[in-house]
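The chains referred to below are lettered A, B, ... by the order of the sequence lines, with proteins before strands, and numbering in each begins at 1.
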Protein chains: 2
Amino acid sequence: MALLGEITRPAVTLEKGAILARQGAALCSLFAVHTGSLKQVNVTDNGETLVTALCLPGDMVGLDAIDKGVFPGSLIALETSGVCEIPYEKLDALCDRSREARWLIQRCQSHDIHDERLKLHLLLHRTAEARLACFFLAISERFRLRGYSSHHFRLAMTRSDIASYLGLTPETVGRTLVNYQRQNVMLARGREFRILDLEQLKRLAEANGRRHRQRVSQ
Amino acid sequence: MALLGEITRPAVTLEKGAILARQGAALCSLFAVHTGSLKQVNVTDNGETLVTALCLPGDMVGLDAIDKGVFPGSLIALETSGVCEIPYEKLDALCDRSREARWLIQRCQSHDIHDERLKLHLLLHRTAEARLACFFLAISERFRLRGYSSHHFRLAMTRSDIASYLGLTPETVGRTLVNYQRQNVMLARGREFRILDLEQLKRLAEANGRRHRQRVSQ
DNA sequence: CGTTACCTTGATATATCTCAACTCAAGTGG
DNA sequence: CCACTTGAGTTGAGATATATCAAGGTAACG
């Protein structure tokens, strides 16, 4: 960890909307988000634009670029953000010398694989109400782990970004949020969010409103 | 690669339904699928059962277990299958000695992160018809890369497994398949599948029937 | 030959997408 | 300082994909 600090360059500041890496650009460095937030945007072959990741402080960015040596999506700052650059060459050399560094990277990657898999498969089976609940619970937990408030936070994403990330439309996201407000579960004004009833939010996230039969063998 | 062969144990045969690793079991070995196929099944905290991965010949299995040192889902043979065991300790030691081995593992992991992310986010936005088309295209491509027929194959999964994997119901999977048949795109009898019109299948996979507005900023 | 698991088909209900109009806030330039 | 523009968010009404429930069919298997 200390070694990692040695090869990390001082934090860079990105203005809102700045592009940290363009889709298809060669991987030169990984990044660690220090402050602010980024989104990863993928443009598919047939021209769709998808938000595939949200990067918050503490996150390691670019692990998905190692395979092909090329960033699979564009990284765009959602607000003024600070990121640390970790030159990939140096990181690789470090992994040569230190098995701890290697383990750290491997575990980060392994974590991401599992996390994406489970979360997204869960979302596939969920209603809009439950998807959003899952989303905010995950965000809340990430903020908590980083020492920020877990029940009151600002998300720089637009409703459209959230919708794209969750596979919904902006309208549905909006409507679901006002439902939460009516039920006194969450407060959403603009991009400020406040969780009022965490337990109820958890219940909503797990309630697979429809889709509740257990048909999978074994 | 040759070194990897040295530490790999001879292939083991699994009977249909056999459990290669149980969810929560400690990670001792990774596996490489040689013949047959496995599914990964996750039981969530609230008792849902999800099929989160399909493992075909050539796939590396267990990369998602490295993080916590524990398998995040059960690995179940869908048919009589042959797998090679790769003791994790030895693999780790090998990574110490050979940067090529380390790169191989890192690239496998990186590939999985990106693949899951993109494919699942795509699915989130797709109708049942397109989800199944994506699914079969991906399978077909995987078989092709391994030297099997890309337009005619057997999938040992049940409709329920497929449904769970794609976030649909078995009924919808079935109905969609008969639609494909009516359109002469695919033939599905039992677990034998034949792709009749690859181009049309690609078109179906990309056609996001609904959900076709571009609302994401940037 | 009966049992079991899987698959199919049909009718109905509902979640959510789609389209369109409107509000609101922020920023711009005259 | 005020009209104008622009992008985001909201709300409503209607269309539709797909879940749900239920019943019948098929195929493997002991």
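Atom CD in B/Glu129 sits about 9 Å away from atom P in D/dA17, given to the nearest Å. For the pair A/Leu124 CG and D/dA19 C1', the interatomic distance rounds to 15 Å; values are reported in whole Å. Rounded to an integer number of Å, the gap from CG of A/Leu155 to P of D/dA8 is 16 Å. A/His125 places its NE2 atom 21 Å from the P atom of D/dA17, with the value rounded to the nearest Å. The separation between B/Phe193 atom CZ and C/dC7 atom C1' is 12 Å, rounded to whole Å. Computed from coordinates, the B/Asn179 CG to C/dG10 C1' distance equals 14 Å when rounded to whole Å. For the pair B/Arg131 CZ and D/dT18 P, the computed distance is 7 Å after rounding to whole Å. One atom, CD of B/Glu192, and another, P of D/dA27, lie 14 Å apart when rounded to the nearest Å.
The aromatic ring centres of B/Phe135 and B/Tyr165 sit less than 6.0 Å apart. Ring pair A/Tyr148/A/Phe153: centre-to-centre distance not below 6.0 Å.
Within the structure, every side-chain polar atom (N or O) of B/Thr169 is placed at least 4.0 Å from both OP1 and OP2 of D/dT18. OP1 or OP2 of C/dC7 has at least one side-chain nitrogen or oxygen of B/Arg191 nearer than 4.0 Å. Of the side-chain N and O atoms in B/Thr127, none sit less than 4.0 angstrom from OP1 or OP2 of D/dA17. At the phosphate of D/dA19, OP1 or OP2 sits under 4.0 Å from a side-chain N or O atom of B/Thr172. An OP1 or OP2 oxygen of D/dT11 is reached within less than 4.0 angstrom by no side-chain nitrogen or oxygen of A/Arg175.
Sorted pairs that involve residues 12-41 of chain A and meet ring-ring contact (aromatic ring centres under 6.0 Å, His included), not counting sequence neighbours, are lacking altogether.
Every residue meeting the side chain to side chain contact (heavy atoms under 4.5 Å, CB included) condition with A/Lys16, not counting sequence neighbours, appears here in chain and number order: A/Arg191.
Nearest-nucleotide positions on DNA chain D for A/Arg159 and B/Thr176 put A/Arg159 closer to the 5' end.
Listed candidates were D/dG9, D/dC21, C/dC19. Nearest to the side chain of A/Glu171 is C/dC19. The side chain of A/Thr158 approaches D/dA8 more closely than any other nucleotide in the set C/dC6, C/dC17, D/dA8.
Within the nucleic acid shown, A/Arg189 has no heavy atom closer than 4.0 Å to any nucleic acid atom.
Expressed to the nearest 0.5 Å, how far OG of B/Ser150 lies from CD1 of B/Ile139 amounts to 12.5 Å.
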